[in-house]
Structures are given as structure tokens and as C-alpha cells.
Protein chains: 2
Amino acid sequence: MNRKSKPIFKPYKKSSAHKYVSEMLKDYIISGVYSPGDQLPTEIELSQALGISRAATREGLRELESLGLITTVQGYKGGRFVKKINSDIILNGLDLLIKTQRASFDELMEARKAIEGITSKMAALNRSPENLEVMAKVIDLRVDSKEEFYRKTFELHEIVALASQNRVLYYIVQAIRKLIFQTYANLTLEENDVELVMKNHYDIYNSIKNRDPEAAEKAMINDIEAYRKLYLEVIKNKQ
Amino acid sequence: MNRKSKPIFKPYKKSSAHKYVSEMLKDYIISGVYSPGDQLPTEIELSQALGISRAATREGLRELESLGLITTVQGYKGGRFVKKINSDIILNGLDLLIKTQRASFDELMEARKAIEGITSKMAALNRSPENLEVMAKVIDLRVDSKEEFYRKTFELHEIVALASQNRVLYYIVQAIRKLIFQTYANLTLEENDVELVMKNHYDIYNSIKNRDPEAAEKAMINDIEAYRKLYLEVIKNKQ
DNA sequence: TTACATATTAATGTCTGACATAATTACGAT
DNA sequence: ATCGTAATTATGTCAGACATTAATATGTAA
């Protein structure tokens, strides 16, 4: 939405001012009045339109920022901008949950295996030809750089989850995977390990291509289990 | 933690003031310096200890509130209190995700079936005798009130997820179930429906008791699928 | 003595207006 | 043409005042 074609901002009466600001803007973002990339009115415009002080308006905007709905940019041409929503919006909460509950690495990996196994199974049933094409592009892991290896690995898992055609599961899988990679350091793999991962990825691709859900689930679980073991070895060697 | 035995609050230097407040307190909450139920210092105490204005301190506290880590109580004996963390902390994000992505009821139910099916399967392998005891208490659904019926239904699903012994899956299941019940109205069930749900619950209980993972998964999926169909019928009749 | 109405108290909630900081853009001197 | 500097415009922070809220303490009438 253009900054100039503003929606209607009704002055608030009851309830708390900061909450009024965040709730109203949240509704506008959810309903699509503001789209990702759009700039919100400035603090002063908002506060004047609503008849709320700038301080209370800022508190409301902070809430939205904390929820992951907007970003803040200071300076000339700065302002508040609506974010593109993705799995990051549950990542924060999941992270807090796991940290405060002291959930273990194994618990997280078990959850990942279970859910990503399901998406792999569903992908075998629901995958489109386009999904397969993208997968084919990222299963050759004989690459030069470590980064390239990780990028391709990440993309395969992403496209499998996407191919399940279930966005709820897709976002949950993405959040869990991101959480694992941001919490636990990446591995440095040996030559043998690369071979193994590549074989596993090929198995996943092949069973999804052949529309074999059971094989697809099994292959995915194998792949993640292999990663788990590799990671635990790294940990052991570090001690 | 007692309000009087305060942790150390180092005055901030760089980065933003409000962020310093929220990050610092978040770390204290995660690391257990503050436990659920504990009261944080008042805004004035905090701002004075950190050398930050009250306005900026409040913004930081709002962020924590928005994340779901603290609650705010106004008035005498009011203040900021650390919340007990549960699945609610991802519920918000999941809700936003589904609303903005316009994910369908069916997509959500598919996800629920898949994940809750898994927890049921895992419960059959990992359940404790205590888990079984609690389940036994809630599978008789021949009750007077609608509320009692819903309470028992909710508790059975809760204890099954808990019996999987995987807290990550448990919280995800809880969040999805809460989301479904808060987004889509509850059903009004006929006599026949109650019989059906009760049979399904009994199947779930029995297969978990017998440590039969495949049967447990199937029974859970049946139960949720039945709920989905009942709900869709209600929708159809309303039109 | 008890019960109800009222005052006190201590926290958050809100407002105002000023100044600080950041980052893009415009401009001017070399 | 380029580099450095000033202007612009958004958010960031501050200080101090007053409003609101809700538990508690107090006082008064039945």
C-alpha cells in the first residue's frame, strides 16, 4: 500500500492506547490493507490521527516489531515497514520454549525426524513436476565449497517440505530446521560423510519421484538420523 | 526470585536502550534468574538501575510482554510478572502465520492428524503407567454437560501428546489444537457422535496400553478425521 | 462488632515537548 | 567529476507531570 493512500484511523476511546495501536495495525496487516514491504505512517502521523501520544504509539509499534510483523529503520527515508511473514514468526517462540524447558538436542531431532518424515511421505503423494525439477537440481553434492554443500542440502529439505503441499507443516519444519542450525553449529564433514548424505538425498528424491510414500518417509528419517549421529560424533570428539 | 534479592543490572552503554532492557531481562528469564511468578523490578527501579529513561524501559518491557514472557498488572500490588511458559508462546505466531497465509481449515487438520498421529505412535512406545492411569480417567464420555465432554476430550489428547515423552512435539500439538479450538467454534454433538468419539478414544487408549504403535497412530488419525467430518457437516448445515 | 463506604497507596498508563541520533539526499568546493 | 559537508526526516531517548487502577487500610454507621 502506498503511504499516501491511507486507511481510516479511528480515534480510540476505551481500552489501552498502546494496545489499540498494535491491535488495529495487526488487523490491517492480517487483512492485507498493508502488504509486506509497505511503509506504515510515521509515529507522529499515527499518533495525531488516533489522538494518542507518541509514547503510547511507540509502545504499540514495539509490540508489532516484537511479534515479527514489522521492522524499524532509523534515519532519513526510514520508518516502519511490514515484514514478509515466514517461519521466522514461530522460530522465536519455539526457541524460547526449548530454552526455558531445557529440551535436549535429541528431543528436537526426534521431532524433526517425525515431522519431516511426514512431509516427505506427503511429498511423494502430492509433489508437482516442478517440485521434482527443483529437487533434481540440488541432489548432486559433489561441490567445491562447504557453503554450496549446505545451500543445496538446505534447499532439498525445503523443497520436500514445500512439495507436501501443506503450508502448516512446511512452516513448522522450516522453523525446526532453522532452530537446529542456529542453535547447534554446523558440521565439518569428511569425504565419506558427503557420500552418505548424497546417497540419502538421492533416495529421498527417487522415492518421491516414484510416488512411494513409505520409502520417502524412511529415506528422510535415514537422512536426518545420519545427521544426528554425525553431530553427536563431533560433540564427542570435541571433549 | 524474591523482589528484594536483585540480580545485577549493569548500566548499558551501546546499542539501543529498549533493546538492552528486553535482551537483558530475556536472558535472565531464560537462564532462570527469574522464575515463573516472580515479579520484575518496577519500571522506575529498572530505569534508575540501568540509567535508562522510563519511556525506553517501558518499550523494552512491552517487547517482553508481546513475546509472551511477562504479564502486566496495573494498580496497587501490580507490576510485571514472569509468565509460566507453555504452548501459548508459539500459538500467537502460528495464528499469524495461518491468517496471513490464508491456510485452510483442512490444511490445519491435516497437519494435526499427521503430528498428533506421531505422538500417539510414540506414546504407545514410551507411555508410563501413570500416563495410562490418567487416560483411563477421561475416556468415559457419558457425561451430563457439554463442558465435561470437552474437558475430557481435551485432556485425553493432552495426555497422549505428553506420553510421547517429547516436549517439542507436545508443545506443537498443543498449539495446533488450541488454535483450532479458538479459531473454529466448538461443535454441538448428537448422541451418535458422542458414541463415535468415545469409541475412538477407547481405541486410542487401548492400543497405547497394548504398546501397539501402528494401531495407536491409526486410532488417533481416525479420531481426528471424525472430528473434521463432523465439523464440516456443521458448516454445511449452517449455510 | 460488623459491614459498607471512603481514603490511601503503589504500581502501570498516558501526555507533552524537547533534544539526540541515524541515514539518505542535496549541494557545494576543489 | 568527486569528495566532503549540510540539510532533511525519520526513529531514539530523555525528563517530568498527571491519570488510572486495584489492593489495602481506615473510618463510620447499623
Side-chain angles (χ1 to χ4, degrees), chain A residues 1-4 6 9-25 34 37-83, chain B residues 1-4 6 9-25 34 37-83:
Chain A
M1 162 178 255
N2 193 303
R3 259 282 301 284
K4 293 304 157 191
K6 297 173 197 167
F9 294 119
K10 291 185 192 167
Y12 92 112
K13 295 158 208 162
K14 308 237 164 126
S15 88
S16 66
H18 67 92
K19 204 169 184 178
Y20 182 83
V21 172
S22 61
E23 292 289 321
M24 186 201 63
L25 291 175
Y34 288 112
D38 284 352
Q39 181 175 9
L40 297 182
T42 66
E43 296 172 355
I44 292 175
E45 284 171 340
L46 262 179
S47 56
Q48 286 177 349
L50 299 174
I52 291 174
S53 74
R54 202 181 143 213
T57 303
R58 281 176 61 85
E59 284 186 31
L61 290 167
R62 276 288 170 246
E63 291 174 45
L64 294 181
E65 189 181 37
S66 190
L67 282 178
L69 288 178
I70 63 173
T71 50
T72 301
V73 179
Q74 201 180 347
Y76 189 94
K77 292 285 171 184
R80 256 72 181 222
F81 300 88
V82 178
K83 277 175 82 171
Chain B
M1 162 178 255
N2 192 303
R3 258 283 298 284
K4 294 304 158 193
K6 297 172 197 169
F9 296 120
K10 292 184 190 167
Y12 92 111
K13 296 159 209 164
K14 306 231 166 135
S15 88
S16 66
H18 67 91
K19 205 168 183 178
Y20 182 84
V21 172
S22 61
E23 293 289 322
M24 186 202 62
L25 291 175
Y34 287 112
D38 284 352
Q39 182 174 10
L40 297 183
T42 66
E43 295 172 357
I44 292 176
E45 285 171 340
L46 262 180
S47 56
Q48 285 176 350
L50 299 174
I52 290 175
S53 74
R54 203 181 143 213
T57 303
R58 281 175 62 85
E59 285 186 30
L61 290 167
R62 277 289 171 245
E63 291 173 45
L64 293 181
E65 189 181 37
S66 190
L67 282 178
L69 288 178
I70 63 173
T71 51
T72 301
V73 179
Q74 200 179 346
Y76 189 93
K77 294 281 174 187
R80 257 73 182 222
F81 300 88
V82 177
K83 277 176 81 169

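Here is the naming used below: chain letters follow the sequence lines, and residue numbers restart at 1 for every chain.
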Discussion item. Under 3.5 Å, is there any donor-acceptor pair linking the side chain of A:Q74 to the base of D:dT11?
Written reply: yes
Discussion item. On a heavy-atom basis, which atom in A:Q39 and which in A:F81 lie closest, and how many Å separate them?
Written reply: CB-CE2, 3.6 Å
Practice prompt. Tell me what B:R58 touches on the nucleic acid: a base, only sugar-phosphate, or nothing, going by heavy atoms under 4.0 Å.
Written response: base
Discussion item. Could you measure the distance from the CD1 atom of B:I70 to the CG atom of B:L61? Nearest 0.5 Å is fine.
Written reply: 5.0 Å
Item to complete: Give a yes/no on whether any side-chain N or O of A:R54 is located under 4.0 angstrom from OP1 or OP2 of C:dT14.
Response: no
Whole angstrom is fine here: how far is it from [atom1] in [X] over to [atom2] in [N]?
X	N	atom1	atom2	answer
A:L61	D:dT13	CG	P	14 Å
B:K19	D:dG12	NZ	P	11 Å
B:Y76	C:dG13	OH	P	18 Å
A:Q39	C:dT24	CD	P	13 Å
B:I52	D:dG16	CD1	P	17 Å
A:E63	C:dT12	CD	P	16 Å
B:R80	D:dT21	CZ	C1'	14 Å
B:L64	C:dT12	CG	C1'	16 Å

Worksheet item: In a check of side chain to side chain donor-acceptor pair (under 3.5 Å) between A:R80 and each of A:T42, A:D38, A:T71, A:T72, which one passes?
Response: A:T72
Response to the item:
Tested for side chain to side chain donor-acceptor pair (under 3.5 Å) against B:H18, the lone hit among B:R58, B:E63, B:E23 is B:E63
Fill in: Salt-bridge criterion met for B:E65 and B:R62 (N-O under 4.0 Å)
yes
Minimum-distance nucleotide (side-chain atoms of [X] versus [options]):
X	options	result
A:E59	D:dT11, D:dT13, C:dT14	C:dT14
A:S16	C:dT14, C:dT25, D:dA23	C:dT14
A:E43	C:dC15, D:dT20, D:dT11	D:dT11
A:A55	C:dA11, C:dC15, D:dT20	C:dC15

Worksheet entry | Residue met sooner reading DNA chain C from 5', once B:K77 and A:S53 are mapped to nucleotides | B:K77
